Amino acid sequence: MSERVRVRFAPSPTGPLHIGGVRTALFNYLFAKKHGGDFILRIEDTDQKRFVEGAEEYVINSLNWAGIPHNEGQGVGGEYGPYKQSERMHLYKEYADYLLENDKAYYAFDSSEELTEARERSQKEGKTFAYDSITRQYLKNSTSLSADEVKERIDNGEAYVIRMKLPRNEEVRFYDEIRGWVIVNTANMDDKVLYKSDGLPTYHLANIVDDHLMKITHVIRGEEWLPSAPLHVLLYKYLGWEDSMPKFAHLPLILKPDGKGKLSKRDGVKGGFPVFPLEWKDPASGEISAGYREDGYFKEAFVNMLAFLGWNPGTEQEIFSLDELVEAFSLDRVGKSGAKFDPVKTKWYNEQFLRMKSNEELASLLKPLIDFEVEDGYLAQVSELLKERAVFVSDMTEDSFYFEAPTEFDEKTIRKKWKENTPSIIEAMIAKFEGIQDFSSENVEVAFKQYLTDNELGMGAVLPNFRVLVTGKGMGPSMFQIAAILGKEETLNRLKSGLQKFK
RNA sequence: GGCCCGUUCGUCUAUCGGCUAGGACCCAGGAUUUUCAUUCCUGUAAGAGGGGUUCGAUUCCCCUACGGGCUACCA
């Protein structure tokens, strides 16, 4: 019997979650659902200096909006709580002590200033400073100091950190579900701080302890964590949890659309696209960052787009519902290389989803955006006409002629098409339309074309004028459909009053 | 600088040793349309470079180049 899949998304509340984070959450969600497992949200707030008000709520709201809610964790509870590290602080110390007792960790008394100084000194010599198996011999810690002195310093209340004690030269290897075997030698790693002098654990310790306690089976996170994965593997080993160590999968990064580097907030303002799922107002500066939701993107399009950043189904299908993504998802179809973000393709996804919506649904989305009182049925008809030419629902509000008679008329059309005999043609047209009982687009079209052939007129001479009188525009959807939607009375009224203007 | 990861059309990607290198976005052209859009068709465009291994390498190995990540008492 295989154990139940449990994955977690563990952001740190240091600001709004950006789309890279949402993608990580999405892949965790898809993986969990695919295997009938749990998707847990844990808040990693061990660094109180970087805490940002509202960030935690933002994460939860984002997941909910995207339709990928966690079924356990912060905000929803569960058996393994609490799910916020600041509320779990009492848990971590015993593991640090265990490491200390087993000679896998040690106390260090060096101040940040001393370490900074050491780094600068090394840099001048063209070397990189690392607190490791060699340098710790010369620094102030429990491996270099006598037991008495260590005890004295601690008893005196001197500030200290607890560092992990790495072996001098040992190969650490682990299998990454996406990248295969990754091998690093401890000679290239350093003695990471496990416990800070403020008495709080660092990410490294808290993360491993929590993943273990919460019975996490797969750690799916961004590639930026790959370098510290060996350290985590070692921690599992030293804590005696090797057998239940989760599997690792490091996702490729989302890169800037142009140029190089990780996608950042700046790229969004520069390229005119959101990098956050939801609009975010920075509590300190008051600065507002655009969000996909507020910019009019459908969550389905947003999720579909994110899924295809670094993953693909191996088929030619590109449009997926969330359920289909769950069904199709697998870690071995996740790519290894970073993906440049493409805001143009994101719009394309939105366009696709907009077209799949029913006229009724579009009507209900359109309703709050317009200033006119109209019936839902009427809006649905308008939606039918506009959905093929819109990317966002808001694009459908641009033409107001569906709701009120035009007050301005396209000059170019008037100039080029309005001829001496036009008024008489339109008048005859009106008369022809008066006779239509059922003012359907088909009937209007038949009547219109009938009139043209009877009078040996071409479409191009009459239709643009028909259009401009009724809509004010020089181009747009089928005039027969527009006329049918507006109805006989409104169409004729517009024709008549338009005629007065240009007679 | 050191360590790690990566490298197929401009972009996202398919290919798990047999390729005339496929799809999508974008762009261009054509057809349809009163017009715009849609739709349909067509086109442009790729395996970083060099060595191996092999009957055969985009696919496997090595080197170089390039890109990225990490290098905090941040996550």
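Sequence lines set the chain letters: A, B, ... in the order given, protein chains first and strands last, and positions in each chain run from 1. The model shown is predicted, which means the values in this text are computed figures rather than measured ones.
- Judged by distance alone, with hydrogens and angles left aside, R467(A) brings a side-chain donor or acceptor within reach of the base of rU34(B), the pair sitting under 3.5 Å.
- Using cut-offs of 30° and 60° for the angle between ring planes, the F302(A) and Y292(A) rings count as tilted.
- Side chain of A339(A), nearest nucleotide from rC12(B), rA14(B), rG6(B): rC12(B).
- Between L386(A) atom CG and rU35(B) atom P the separation is 19 Å, expressed in whole Å.
- Rounded to an integer number of Å, the gap from I414(A) CD1 to rU34(B) P is 20 Å.
- Spacing between atom CD of E384(A) and atom C1' of rA37(B) amounts to 14 Å, rounded to whole angstrom units.
- The partner of rU32(B) cannot be assigned: no Watson-Crick or G-U wobble pair with both contacts below 3.5 Å exists in any strand.
- Inter-residue side-chain proximity for H250(A) and R179(A) is flagged as met; some heavy-atom pair is nearer than 4.5 Å.
- Among residues two or more places apart in sequence or in another chain, the ring pair (Phe, Tyr, Trp, His ring centres under 6.0 Å) test is passed with F466(A) by F433(A), F448(A).
- The ring pair (Phe, Tyr, Trp, His ring centres under 6.0 Å) search around F273(A) returns F341(A), not counting sequence neighbours.
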Under 4.0 Å protein heavy-atom contact, by nucleotide of nucleotides 27-32 of chain B - B base, S sugar-phosphate only: ------

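- The side chain to side chain donor-acceptor pair (under 3.5 Å) check on K387(A) picks up N359(A), with sequence neighbours excluded.
- The aromatic ring centroids of Y203(A) and W225(A) lie less than 6.0 Å from each other.
- In this structure, N455(A) has no side chain to side chain donor-acceptor pair (under 3.5 Å) partners at least two apart in sequence or on a different chain.
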Under 4.0 Å protein heavy-atom contacts per nucleotide of nucleotides 69-75 of chain B, with B for base, S for backbone only and - for none: SS-SBBB

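- Contact between the side-chain N/O atoms of N312(A) and the OP1/OP2 oxygens of rA14(B) is found at a separation under 4.0 Å.
- Relative ring orientation between F248(A) and Y236(A) is described as perpendicular, the plane-to-plane angle rising above 60° on a 0-90° scale split at 30° and 60°.
- In this structure, CZ of R179(A) is placed 7 Å from C1' of rG6(B), rounded to the nearest angstrom.
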